[in-house]
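Inspection log for the structure reproduced underneath, given as structure tokens.
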Amino acid sequence: MARTGFVSSALFLRHDTGPGHPERAARLVALDRRLAQSGLVEELERLEAQPCDPEFLALAHDRRHVESVARAIHAGARVLDEGDTRVSADSFRAASAAAGGAISAVEKVLAGEWRRAFVAARPPGHHAERALAMGFCLFNNVAIAARYAQRFLGLERVAILDFDVHHGNGTQHIFEEDASVFYASLHQYPLYPGTGAAGERGKGMGAGTTRNCPQAPGAGDAQWISALEDFVLPEFEQFKPQLLLLSAGFDAHERDPLAQTKLTTDAYRRITQMCTQFADAHCQGRVVSLLEGGYDLDALAESVEAHVQSLARP
Ligand SMILES: [Zn+2]
């Protein structure tokens, strides 16, 4: 059986968002500890993420954005663009390694070395717009991974499922006019960043390859799972992706402090199983999952364990 990859890096701990920030290094420490305690880590093949060539960041971003993030951090900035995106001296390297880790995972999966992979990276990526850092995100890791798979590995169609509790505005906007990448999102609505209404279905050539499933605050497992089953997966099936990428945020958990959605840990197991079953049937089992949000340390660690277990043991 092809292995499941686990990509992380000590560099991710050096992205320092300052005191009191929810998107903190302790998230990865908690998740690592949990995977080690459960023994799950022994079933995974670990790979150290490396910073990537800035050219790859430009697959999803304006070059000027990449340069201005680098310049600002080099000049000692502690905050970028929107006020909630805090950075430190090592943040560019960490963010570059988050994208680099996603690229490595996609390469390994498409080479058949791994069947699936989980990338435990920070900073997260799905709020980063083509030319703007926002919502704790510098570069859009999932968008870079999708573009890399198309540009360098010959894929035509990539599907992205984003189940972070927040809508992935950046990812949607990067692909909304592009019929070759299907972006689907389950998220709480209304909530930050304010995008992701059901009527947003893509534009121009990309009309129909965006699918938003906004869920009311207080919604739980049943609503989220049926949205995935009834709306997203049937459309993915018609789209026929060659790779499924996940923007895996765990902040829809009932214990998460940033939203009012009430998913249990078991919902993450179910959602993951539905994704792996879809991938097994339609895209050679290929799933690459990238960590986005999740801010209650215990809920995050527990949910990631359920998620990775379902990726590794279908
Ligand atoms: Zn989130």
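Note that ligands are numbered from 1 as they come in the structure, with each ligand's atoms numbered from 1 the same way.
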Quick check, are the ring centers of His307 and Phe118 under 6.0 angstrom apart?
-> yes

Please calculate the OD2(Asp164)-the Zn ion (ligand 1)-OD2(Asp251) angle and round it to 10 degrees.
-> 80°

Verify whether the ring centers belonging to His74 and Phe92 lie closer than 6.0 Å.
-> no

Of the N, O or S atoms in His166, the one nearest the Zn ion (ligand 1) | ND1

Could you pull out all donor-acceptor pairs under 3.5 Å where a side-chain atom in residues 237-249 meets a protein atom, sequence neighbours excluded?
unit_1, atom_1, unit_2, atom_2, d
Gln242, OE1, Glu156, N, 2.7
Gln242, OE1, Arg157, N, 2.8
Ser247, OG, Glu292, OE2, 2.7

May I ask you to check whether His127 brings an N, O or S atom to under 2.8 Å from the Zn ion (ligand 1)?
-> no

From Glu292, does some N, O or S atom reach closer than 2.8 Å to the Zn ion (ligand 1)?
-> no

Heavy-atom check, side chain of Phe152 versus side chain of Leu59, under 4.5 Å = yes

